[in-house]
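Predicted model, so just to flag it, every value in this text is computed and none were measured. Heavy-atom basis, side chains included; hydrogens, waters and symmetry copies ignored.
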Amino acid sequence: NYRSSTETGKMIADEVQWLTEHEPPPSTFEDTESELLEFLVSSSNQLGITARDQKLIQLEESGGKYRKVKIQITANGTEEQIYQWLVAIHQPKDFRAVTQIVLKPVAKDEGLVTCTLTAEQWLIEQGEEV
């Protein structure tokens, strides 16, 4: 078990090091929410798809160092465009993740799919640095 404890300690140290290197600068909830929404729309536009039906999801306060912003958004595009969009959004090193995806074919156009996704962005509230 001693070896296991050593390995666990190394793993935790590596995770703390990763957090130290990638932690986002302090921000406000509102600024982070606006930035995430703007990113979701602009990244879809860059791929030639149009995002719509944005829904800001209210979250319960969980306490702790990090807060998160959660947005649901829908777009139509080809499978390739949608997959590229998902890859652009899901960036753990930027504390951003796609946490839910629903894909449905577009009835009138066999080449398109409708993607409804939920994206989350973690932040450190200004003035809350530990």
Side-chain angles (χ1 to χ4, degrees):
N1 280 342
Y2 176 75
R3 183 173 182 205
S4 176
S5 296
T6 301
E7 289 172 6
T8 300
K10 169 92 171 89
M11 185 177 74
I12 291 170
D14 289 346
E15 290 173 357
V16 169
Q17 177 70 26
W18 187 92
L19 280 172
T20 301
E21 292 172 3
H22 294 92
E23 198 168 74
S27 182
T28 66
F29 181 87
E30 293 77 14
D31 286 349
T32 302
E33 188 174 63
S34 294
E35 289 168 10
L36 178 58
L37 183 55
E38 182 179 316
F39 174 78
L40 294 171
V41 171
S42 67
S43 61
S44 70
N45 290 341
Q46 288 174 357
L47 293 166
I49 55 181
T50 303
R52 62 181 197 287
D53 301 330
Q54 301 95 350
K55 179 181 174 187
L56 308 176
I57 300 172
Q58 297 299 317
L59 299 170
E60 296 284 326
E61 286 296 321
S62 60
K65 183 175 182 178
Y66 300 101
R67 290 188 68 192
K68 67 180 171 179
V69 169
K70 193 172 187 176
I71 297 175
Q72 185 180 72
I73 192 165
T74 300
N76 286 356
T78 65
E79 281 188 49
E80 182 178 350
Q81 289 171 315
I82 296 297
Y83 293 143
Q84 289 174 344
W85 191 39
L86 294 172
V87 169
I89 297 167
H90 191 81
Q91 295 294 323
K93 68 177 177 44
D94 295 329
F95 279 58
R96 186 176 61 236
V98 176
T99 56
Q100 185 177 31
I101 304 166
V102 177
L103 296 172
K104 295 180 182 177
V106 174
K108 299 172 189 142
D109 189 337
E110 287 185 29
L112 296 180
V113 293
T114 298
C115 175
T116 300
L117 65 84
T118 301
E120 298 183 26
Q121 178 77 47
W122 284 261
L123 71 134
I124 298 171
E125 191 80 42
Q126 279 181 338
E128 296 295 321
E129 303 95 290
V130 178

First locate atom [atom1] of [X], then atom [atom2] of [Y], and finally report the distance between them rounded to the nearest 0.5 Å.
X      : Y      : atom1 : atom2 : answer
Glu33  : Arg67  : CD    : CZ    : 9.5 Å
Ile82  : Leu117 : CD1   : CG    : 8.0 Å
Lys55  : Lys70  : NZ    : NZ    : 10.0 Å
Lys108 : Asn76  : NZ    : CG    : 10.0 Å
Ile89  : Ile71  : CD1   : CD1   : 10.0 Å

Nearest heavy-atom neighbours spanning [X] and [Y]:
X      : Y     : value
Glu120 : Leu36 : C-CD2, 4.3 Å
Arg52  : Ile73 : O-CG1, 3.6 Å
Ser43  : Leu40 : OG-O, 3.2 Å
Leu123 : Ser27 : CD1-O, 3.6 Å
Ala51  : Trp85 : CB-CZ2, 4.5 Å
Phe29  : Lys68 : CE1-O, 3.4 Å

Would you say the side chain of [Y] lies within less than 4.5 Å of the side chain of [X], judging by non-hydrogen atoms?
X      : Y     : value
Gln121 : Phe39 : no
Val113 : Tyr83 : no
Gln54  : Leu37 : yes

Inset, instruction - Go through the steps to decide whether Leu112 and Thr78 satisfy the test side-chain contact (heavy atoms from CB on, under 4.5 Å), and finish with yes or no. - result: CA-CA 5 Å; Leu112 296 180; Thr78 65; 4.1 Å; yes
Is there a path of hydrophobic side-chain contacts, each under 4.5 Å between heavy atoms of I/L/V/M/F/W/Y residues, joining [Y] to [X]?
X      : Y     : result
Val41  : Leu56 : yes
Leu103 : Leu86 : yes
Ile101 : Leu47 : yes
Val106 : Ile49 : no

Legend entry - Donor-acceptor contact present, side-chain Arg96 to main-chain Ala88, <3.5 Å: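 Between the backbone of Ala88 and the side chain of Arg96 there is a qualifying donor-acceptor contact (under 3.5 Å).
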